[in-house]
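Working notes, beginning with the structure itself.
All heavy atoms count here, side chains included; hydrogens, waters and symmetry mates do not.
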Amino acid sequence: DHVVDIRKATVEDAGAIAAVINGVVDEGGLTSLRRFTEGEEREFIASLDEREAIFVAEREGQIVGFQGLSRFARWSDSMSHVGTVLTMVVPEHRGSGVGRALAGRTLAFARWHGYEKISTYVIADNEAALAYYESLGFTMVGLWKDQVLLEDGYHDDVIVEKFL
C-alpha cells in the first residue's frame with residue numbers, strides 16, 4: 001500500500017521530524033545538517049512565517065518524510081520571490097512516491113505564496129537526491145567546491161533551481 005497523506009506540520013510534529021532528520025544524519029554522507037533535538041525543531045517550526053511551511057508525509061499514522069519551504073533570504077526583500085526547500089524521507093520509503101507527493105504540495109503552496117523560483121543544494125555524492133530534484137524539473141546551476149565537511153572529508157554541494 002503506497003497511500004501517503006500530506007499535511008502541513010505543526011509544532012506537535014517536532015519530535016517525529018527531528019527523528020527523520022537525525023536518522024538521515026546518522027546514515028552519513030547525505031546531508032550537511034547536524035542532529036536536532038525536538039525542542040530545536042519545535043522552535044524552528046514556530047518561527048516559520050505565513051510564506052514558509054513544512055509538509056509531512058504520513059503512512060499509517062507515521063511520519064515517513066517531510067519537505068520544508070523557507071524564504072531564501074529573510075533579510076532581503078529583493079529575493080522574496082525565491083524559496084529554498086529541504087526534503088528528507090526515511091530509507092524504507094524512498095523511491096515510493098513520498099518525495100513526489102511532498103513536492104506537489106510544497107510547490108503548490110510556493111506558487112500560492114508568490115514564489116517564482118525554488119532552489120536547494122545537494123551533496124554531490126547524493127545521486128538519489130540529485131535524480132529526485134532533476135525528476136521534478138530542477139536544473140543544476142552551480143557547484144560549491146568543498147562546501148561540506150563530513151567525517152570522511154570535504155564534499156561539494158550541487159546548487160539546483162526550478163522556476164515555477
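Within a 6.0 Å radius of OH in Tyr121, no more than 12 heavy atoms belonging to other residues, nucleotides or ligands are found. Counting non-hydrogen atoms of other residues, nucleotides and ligands closer than 6.0 Å to CD of Glu134 gives a total of 12 or fewer. Around the CZ atom of Phe72, the shell of radius 6.0 Å holds no more than 12 heavy atoms that belong to other residues, nucleotides or ligands.
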Pair Arg59-Ser96, side-chain hydrogen bond (donor to acceptor under 3.5 Å, both in side chains): steps then yes or no: CA-CA 11 Å; Arg59 281 214 171 119; Ser96 68; 3.0 Å; yes
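In this structure, CG on Asn22 lies 11.0 Å from CD on Glu38, to the nearest 0.5 angstrom. Expressed to the nearest 0.5 Å, how far CZ of Arg51 lies from CZ of Arg74 amounts to 11.0 Å. Atom-to-atom distance recorded for Asp125:CG and Asp152:CG is 7.5 Å, nearest 0.5 angstrom.
For the salt bridge (charged side-chain N to carboxylate O under 4.0 Å, His left out) criterion with Asp13, the lone passing option out of Arg7, Lys8, Arg42 is Arg7.
The main-chain N or O of Phe44 is found under 3.5 Å from a side-chain atom of Ser47 such that the two form a donor-acceptor pair. Arg94 places a side-chain N or O within donor-acceptor distance of the main-chain N or O of Val89, the cut-off being under 3.5 Å. The main-chain N or O of His155 is never found under 3.5 Å from a side-chain atom of Asp146 such that the two would form a donor-acceptor pair.
Note that Arg34 lies in the cation-pi zone of Phe36, set by a 6.0 Å cut-off to the ring centre and a 45° limit from the axis.
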